[in-house]
Structure formats: structure tokens, C-alpha cells
Student: 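My structure is below; once you've seen it, I'll send some questions.
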Number of protein chains: 2
Amino acid sequence: MSAALSAIERFSRYQSDDAQSVRPVHCPVREVLDRIGDKWSILLVMTLATRPQRFSELHRAIRDISKRMLTQTLRDLERDGLITRHVFPTKPPSVEYCLSPLGQSLLEPMASLIDWADRRYSDIHAARVRFDGALCDA
Amino acid sequence: MSAALSAIERFSRYQSDDAQSVRPVHCPVREVLDRIGDKWSILLVMTLATRPQRFSELHRAIRDISKRMLTQTLRDLERDGLITRHVFPTKPPSVEYCLSPLGQSLLEPMASLIDWADRRYSDIHAARVRFDGALCDA
DNA sequence: CTCTAAGGTCTCTATGTGAGACCTGCCCTC
DNA sequence: GAGGGCAGGTCTCACATAGAGACCTTAGAG
């Protein structure tokens, strides 16, 4: 818990820069959220966690991502050094994506989030049902 | 690390249900990501971590969110039981948002992500510059 | 000769997001 | 008593992003 507190405190220091400051906030949390906080990044990193995979394997694993977004998200993750891309000169060429060490290092914090999701999912679902029920009554 | 491994394994069990299955995947990770994986949710939860805050305080703390999205994201977080909303009958009425116990429980996993963001941000930035430089050469 | 497969790109449309005007009630000042 | 401000929103419009699905290239199988 004290770990949580210190992280939160650090975060709020970034937040608290005065509104006068001309330069926009430069909060690493914001930057990283912008990167991995999109719809597919975390899912892709998680999927690559077990083993390197090829484009179409990934597409099969995450059936509801479009090729377009798969390409783009992989490119962005590569750009940020979280995954690496290897082209094998087979015919037709095959491309393998795998986590870089930096990407690997993301697994542990992500795991704790997944843990939370697993344990708390039922609570969230219950709250949602309750909320919608209350709306319906009103 | 073993914690990470077990979470990843659990995650991949959800992924591996066969494509034949008519019912869509029902992976808690997906559901929770859909919820807190949007642009503003994590930021709001983090901002409320230090203390309960009112609508316009939140708006000032996160200057680049529109009122529209602030309202909507708060509503969704409330719906999922992560925050609570109290209206005080002052004139004009003021509304306070604060983390529920469920929301509090999210802080610890989130803190580890923030920790990661803080420590690794410079690596990501470096990778990005390298990638863009390579593009420019080509 | 056609079909499939890999790893994409391209175009078109649907959905999400942001800016900013507006609303309601009350208090304050002029 | 007319106007202005604040609180917490809602509404509309315009634009950016995401998804669906056609298409491309090369090569091997039937």
C-alpha cells in the first residue's frame, strides 16, 4: 500500500503544476497512458507474452481487431521499443513479432492489473446491474 | 515474476477458446480493459486518489478533458462502482466525487503501472527517437 | 487455371471526441 | 431590477479515429 501511496504522490506532483505554466504538462504517466492506454496495445502485449507470434496468429488470437488496427498498433509498439519485428525471407515472407526486454518489463505491472480484473470483475458487473436497475426504476 | 506468469497463463486460457464457439469470448480482462482502458478513466481514478473532488476541480486538474467527456467518464465509473457521487444541497448545488472501496482497490495495481511508466519512460522515448530517425534515413 | 496463404494497404463509412453555446437557480453588484 | 457570475451539467456541430472489407503481390497446391 505504501508503494501505491508513493506512486500516487509522484503522480499528483506532475498534476499540480500551476495553470499559468505555458508549457503543457509533461507527465510521464500521461505519455505512457497515451501509448498503452489505447484499445489494443495491452491486449497485444499480453498475447505476445506467452510466445513470439506472427501477424496472422495475432489476428486469429484477437479476432475482433481489424487488420488495419493490428498493423498500426504493432507499428506503434515497435516504435516505442516494446516489441521487435523480424521478417523471414520465406515465400511468401513471414513476419514474427516478439516482446523486447522493455516489453517484458511491462508484464509484471500488467499482471497485477489482470489479477485485479480477475478478482474484481464480478463486483464491477454487480455494480453495473444495480446502477442500470436504479435507472430503470426512475 | 511468478505472479506475472500465472496471470499471463490465466489470460491465455481465456484467449484460447476455440474459434468455433458461437458465444463471444467472455474474458474479464477484456471487459475490464474496455472499461478502464479508455482515454480518461485511469487519469480520473488517479486524480481522485489523493482526495474526493468536485466536478470543476477535476476539470481544472485535467485541463484537456472536455466537460462532455468528464461527465460521461464519471458516469461510467460510477456505473461500474469505482466512484461514488454525492450531491450537496448548497446553492448552487455542488457535487463531490470520490473513490469507492472498489476504486481504492484499483490503486495498488495502478501504482505498479505508474512506477513502470516513471522508470521506463526515458527508454520508450529513446526508442521512439531511434525509430523515427531510422525512418528518416530510409 | 484457379485457389489459397501471408502480410499488408486503401477506401468508405460509422463511431467517438472535442469545442463551445446554452440552461437553470441563486447570489451579488450596480 | 438588469446584468453578471458560478455550479454542474446538456446539446449541437465538426472533425478525428476505428472498423469492414476489397484489393495487392508472390508462390505453391490441386
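In what follows, chains are A, B, ... by sequence order, proteins preceding strands, each numbered from 1.
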Student: Can you check whether A/Asp38's main-chain N or O pairs, donor with acceptor, with A/Ser41's side chain at less than 3.5 Å?
Tutor: no
Student: Provide, to the nearest angstrom, the distance between the CD atom belonging to A/Glu57 and the P atom belonging to C/dG8.
Tutor: 13 Å
Student: Please enumerate all residues that pass ring-ring contact (aromatic ring centres under 6.0 Å, His included) together with A/Tyr121, with sequence neighbours excluded.
Tutor: A/His125, B/His26
Student: Do B/Asp64 and A/Arg30 sit within salt-bridge range, that is, some charged N less than 4.0 Å from a carboxylate O?
Tutor: yes
Student: Please name all residues satisfying side-chain hydrogen bond (donor to acceptor under 3.5 Å, both in side chains) with A/Ser105, sequence neighbours left out, ordered by chain then number.
Tutor: B/Trp116
Student: In whole angstroms, how far is the P atom of C/dG8 from the CZ atom of A/Arg60?
Tutor: 14 Å
Student: For A/Arg60, enumerate each residue passing the side chain to side chain contact (heavy atoms under 4.5 Å, CB included) test, keeping only those at least two apart in sequence or located in another chain.
Tutor: A/Ser56, A/Glu57
Student: If you compare every side-chain N and O of B/Trp40 against the phosphate oxygens of C/dG18 (OP1, OP2), does one of them come in below 4.0 Å?
Tutor: yes
Student: Please work out which residues in residues 81-98 of chain B have a non-hydrogen atom less than 4.0 Å from an atom of DNA chain C and list them by number.
Tutor: B/Lys91, B/Pro92
Student: For A/Asp76, is there an ion pair with A/Arg79 - N to carboxylate O distance below 4.0 angstrom?
Tutor: no
Student: Earliest and latest nucleotide of DNA chain D, 5' to 3', sitting under 4.0 Å from a non-hydrogen atom of chain A?
Tutor: D/dA18 to D/dA27
Student: Hey, could you give me each pair passing ring pair (Phe, Tyr, Trp, His ring centres under 6.0 Å) that has a residue in residues 50-86 of chain A? Not counting sequence neighbours.
Tutor: none
Student: Please give, in whole Å, the distance from C/dA19 P to B/Asp64 CG?
Tutor: 8 Å
Student: Quick one about A/Ser100 and A/Thr84 (side-chain donor to acceptor, distance below 3.5 Å, no hydrogens or angles considered), yes or no?
Tutor: no
Student: In residues 66-73 of chain B, what residues come within less than 4.0 Å of DNA chain D, judged by heavy atoms?
Tutor: B/Lys67, B/Arg68, B/Thr71
Student: How many Å lie between CG on B/Asp38 and P on C/dG18, as a whole number?
Tutor: 10 Å
Student: Within the side chain of A/Ser12, is there an N or O that forms a donor-acceptor pair under 3.5 Å with the backbone of A/Glu9?
Tutor: yes
Student: Please identify each residue that fulfils side chain to side chain contact (heavy atoms under 4.5 Å, CB included) with B/Arg119, with sequence neighbours left out.
Tutor: B/Asp115
Student: With sequence neighbours excluded, tell me which residues meet side chain to side chain contact (heavy atoms under 4.5 Å, CB included) with B/Thr47.
Tutor: A/Phe11, A/Gln15, B/Gln53, B/Leu58, B/Ala61, B/Ile62
Student: Nearest whole angstrom, please: distance from the C1' of C/dG8 to the CD of A/Glu78.
Tutor: 14 Å
Student: Listed by chain and number, what are the side chain to side chain contact (heavy atoms under 4.5 Å, CB included) partners of A/Pro52, not counting sequence neighbours?
Tutor: A/Glu96, A/Cys98
Student: I need the residues from residues 42-56 of chain B with at least one non-hydrogen atom less than 4.0 Å from DNA chain C; give them sorted by number, or say none.
Tutor: none
Student: Taking salt bridge (charged side-chain N to carboxylate O under 4.0 Å, His left out) as the test, write out the residues that go with B/Arg68, two or more places apart.
Tutor: none
